[in-house]
Each structure stands twice: as C-alpha cells, then as structure tokens.
There are 2 protein chains.
Amino acid sequence: MDEGRRRCREDTRQRILTAARRLFAEHGYDHVTVRLIAAEAEANIALINRYFGSKRELFAEVLAVQGRFPGVLDVPDEELPRRLAEYVAERLSTDRSSPVMEALVRSSSSPEIHGILRQRVSSAIMEPLVERLSGGDARLRAAIATALITGSGTLRLLYGPDAVEQPDREAVVARLEKIFRVCLEP
Amino acid sequence: MDEGRRRCREDTRQRILTAARRLFAEHGYDHVTVRLIAAEAEANIALINRYFGSKRELFAEVLAVQGRFPGVLDVPDEELPRRLAEYVAERLSTDRSSPVMEALVRSSSSPEIHGILRQRVSSAIMEPLVERLSGGDARLRAAIATALITGSGTLRLLYGPDAVEQPDREAVVARLEKIFRVCLEP
DNA sequence: GAAGGTAGTAGACGCCTGTTTACTTCGTCA
DNA sequence: TGACGAAGTAAACAGGCGTCTACTACCTTC
C-alpha cells in the first residue's frame with residue numbers, strides 16, 4: 001500500500017467506496033455493517049459518516065456510479081432482445097454479475113433505501129427502455145422486461161450462480177431472446 | 001377477545017402465527033422483530049421461542065402453510081399461460097397479493113433463511129411447473145417463468161401496488177399471456 | 001385442601017447497530 | 001519555530017436485537 005497517500009482524503013474516500021461496493025454487492029444493504037466496510041477499506045469507522053454523511057448516503061453513492069447496464073441498451077433495435085437475453089443468461093448461469101445489479105437485488109427488501117433503488121431502476125433500465133419502445137403499452141412492456149431482469153437476479157440469489165444447470169448456453173440465450181422479442185414488440 | 005381462551009396453548013400459537021404471517025408479508029424477515037410479533041399477537045415474547053424454537057423456525061412455519069399458489073397451477077395445460085398471466089397482473093396492478101408470496105419477496109435478501117425460501121419456491125412453483133412441461137429444456141423454461149413471477153414481486157415492492165399504471169387490465173393480461181406461452185411451449 | 005403440571009410473565013443477558021464526540025497526528029505556510 | 005487546518009483515531013453513546021432463566025398464576029387430579 002502506498003503509505004505516502006494514507007493521509008489523503010480522496011484516496012481514503014475511494015477505498016471506502018470500493019469496499020462498500022464489493023460488500024453491498026455480496027451481502028446487501030442490511031447485512032453489511034459500517035464497521036465491516038471500514039475494516040475492509042482499512043479506514044476508521046468515523047470517516048464513513050464524515051465523508052458520506054450516513055450509511056444510507058454511502059449506499060446511494062455506490063449505486064449512483066455508472067454501472068454496466070446502460071451499455072446493454074446501446075445496441076440497434078434489432079439486436080436489443082438478443083443483448084438483453086445474453087445479459088440475463090450470464091447472470092443465471094455464471095458467476096459474473098454487475099456489482100450494482102447484485103447490490104440492488106440483495107438490498108431490495110430494505111425499505112429505507114427503496115427510494116434509492118427505485119430511482120436507479122428507473123433511470124438505468126425502465127426509462128431508457130420506455131424511450132426506445134415504439135407502439136402502445138410501452139410502459140407495460142418495459143415493466144415486464146424489467147421484472148424478468150430483476151427476477152433473474154432473485155433466482156440467482158436463491159439458487160446460486162448456477163441457477164439454471166444448462167450445459168447448452170445457446171439454448172438459454174435463444175429462449176430468452178424469443179421471450180424478450182415478444183415482450184418488446186408493439 | 002375471548003378471555004376464556006386466553007390460557008390455551010393452541011389458541012396462543014395460532015395468534016402468534018397469524019400475527020407473524022401478516023408482519024412478515026408487510027415488512028420482510030429482517031425488519032420484523034419478535035417483540036413486534038408478540039405485541040401484535042398480544043402474547044409474551046418468550047412464548048415465541050417456546051412454541052416455535054426461534055424466529056427462523058417461526059418464519060419457516062409461516063411459509064410452510066399451503067399458500068394460494070398451488071391453486072394457480074391447477075388448470076388444464078391450455079389455460080396455464082392465461083392463469084399465470086392473471087396471477088402476475090393482479091400483483092402488478094392491484095393491492096391484492098398472497099401473504100406468502102409477499103413475505104418471500106420481502107425476505108429474499110436475508111441469507112439465513114435462503115434455504116427456507118429456496119425450498120418454498122422449488123416446491124410451490126419450480127417443481128410443479130417442471131413436471132407439467134413437456135419437451136426439452138423444461139427446467140430452463142420453468143426457471144424463466146419463475147423469474148418473471150418473482151420479478152413482478154420485486155417490481156411491486158419498489159413501485160408499490162400500482163407498479164404498472166395501466167387502465168386497460170386486459171392489455172396487461174394479454175401481453176403476459178403471450179409471454180408465458182412463448183416461455184412454456186417446447 | 002395439597003400437589004403437580006401447564007400457560008404465561010418480567011426482566012435480564014450478551015451482543016451488535018449507526019452515529020457522534022473529544023482527541024491526536026501530521027504536513028504546510030508564515 | 002510555531003500556529004493552523006486537515007486527516008485520522010479511540011471510545012463512548014443510546015438503543016435495538018434474539019434468546020433465555022427464574023418466576024407467578026391457574027387449572028386439574030388426587
């Protein structure tokens with residue numbers, strides 16, 4: 001560790017943020033204590049409230065970073081169902097998952113941060129999706145797609161990274177693509 | 001209150017169970033305290049551990065009751081997609097929802113009860129669905145359907161009982177039915 | 001009427017929580 | 001060299017948690 005930077009405000013802030021991101025993704029809001037974050041960041045507990053105000057605000061900042069999801073939506077209309085299918089399939093049958101998405105799903109039952117979560121889901125998934133969809137019932141179709149995306153997170157949460165024991169990865173993607181197509185078409 | 005029955009073990013047990021079911025459905029496992037359950041049940045705290053062993057075991061017993069979900073699956077194959085669609089639509093756009101399903105979604109991020117939740121999801125949704133599905137990839141298709149069902153719960157959790165502001169209820173059901181059809185067909 | 005068992009109760013136990021206060025350490029500039 | 005401000009720290013605060021123990025109230029049976 002760069003001891004010369006130990007007493008640098010911004011460096012410490014970043015260490016806390018990094019530790020919080022990892023821990024919130026792994027255990028969810030309720031089950032991560034500020035003491036645990038401080039220990040992992042090798043920082044003093046009091047600094048968390050000094051730099052972020054409260055545990056809640058730290059969580060908000062963790063979720064506020066530009067996650068991977070916007071990248072998923074940056075494809076031509078024709079490829080969108082396929083892209084969403086790949087995203088969900090990856091979460092359902094591998095151990096790779098976006099830390100932000102993981103933290104979101106693992107924290108969904110903490111009422112005190114519902115506002116933060118709702119805002120993140122709206123701005124990262126729901127609204128961009130609604131804007132892209134043409135035809136009627138855009139909000140409904142976007143909501144169903146969102147439900148499928150978050151639902152795959154819950155399934156993974158309960159059944160582990162290999163929620164779907166499926167040797168044929170292409171079959172998973174293909175099935176999901178068909179579903180997203182039906183979901184997103186006007 | 002029937003004062004004559006106040007000192008009846010079975011009666012008290014039932015009051016605790018009823019209170020727990022309501023509270024777990026409303027706030028989830030983590031955010032319900034045994035003191036709260038005891039207060040709502042008008043029973044002493046110590047009786048919860050005496051009659052159920054622990055908070056965890058009480059939760060298990062709440063979830064073990066025959067919920068409404070099995071009824072959803074008791075329709076002919078041809079009507080199944082429609083039935084599932086109605087179930088999800090009801091959760092997405094009304095304030096009616098099964099207490100068991102509600103408790104399940106609201107408690108999904110408590111690792112200490114993941115085993116209980118997984119078992120409930122498996123026995124109430126996943127396995128009955130797999131058994132009904134013919135053709136290949138039955139497990140995969142059942143898993144996707146389950147993800148959509150639990151995902152609608154998460155959406156409702158975040159956005160409230162009117163997660164989908166859709167005046168035309170039939171449009172919601174119709175769209176969901178199409179999706180479930182694609183999901184469940186071989 | 002005494003004995004025994006069951007239902008219910010009050011209170012404490014030990015631990016953990018997020019947050020705050022009073023303090024020390026250290027680099028920098030006059 | 002000494003003062004100042006920023007970074008970091010230890011310890012306590014006030015409260016909550018699930019659990020457990022020692023106790024009382026009451027009904028039943030001899």
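Proteins come first, then strands; the chains are lettered A, B, ... in the order of their sequence lines, and each starts at number 1.
For H31(B) and dT17(C), the NE2 to C1' distance is 12 Å, given to the nearest whole Å. Atom CG in D30(B) sits about 16 Å away from atom P in dC16(C), given to the nearest Å. Nucleotide dT19(C) holds its P atom 14 Å from the CG atom of N44(A), rounded to whole Å. Distance CZ (R7(B)) to P (dG5(C)): 16 Å, rounded to an integer number of Å. If you take CD1 of I48(B) and P of dA7(C), they are 16 Å apart, rounded to a whole angstrom. Here dT17(C) presents its P atom at 13 Å from NE2 of H27(A), a figure rounded to the nearest Å. In this structure, CD1 of I37(B) is placed 8 Å from P of dG18(D), rounded to the nearest angstrom. The interatomic distance linking K55(B) (NZ) with dG18(D) (P) rounds to 4 Å, in whole Å.
The side chain of N49(A) contributes an N or O atom lying less than 4.0 Å from OP1 or OP2 of dT19(C). Distances shown here put a side-chain N or O of T12(B) below 4.0 Å from the OP1 or OP2 atom of dG8(C).
Side-chain contact check for Y159(A) and S122(B): at least one donor-acceptor pair (N or O, by modelled atom type) lies under 3.5 Å.
Residue E78(A) places its CD atom among 12 or fewer non-hydrogen atoms of other residues, nucleotides or ligands, all under 6.0 Å distant. Within a 6.0 Å sphere centred on CD of Q119(A), other residues, nucleotides and ligands contribute 12 heavy atoms or fewer.
Nucleic acid contact for F52(A): none, since no nucleic acid atom lies under 4.0 Å from a heavy atom of the residue.
The aromatic rings of F59(B) and Y29(B) lie perpendicular to each other, with more than 60° between the two planes, well past the 30° mark.
Within 3.5 Å, no donor on the side chain of R35(B) pairs with an acceptor on the base of dG16(D), nor the reverse.
A salt bridge is defined here as a Lys NZ or Arg NE, NH1 or NH2 lying under 4.0 Å from an Asp or Glu carboxylate O, and E165(A) with R139(B) meets this definition.
If Y51(A) and R50(B) are placed on DNA chain D by their nearest nucleotide, the residue sitting closer to the 5' end is Y51(A). Mapping A46(A) and V32(A) onto DNA chain C by nearest heavy atom places V32(A) closer to the 5' end of the strand.
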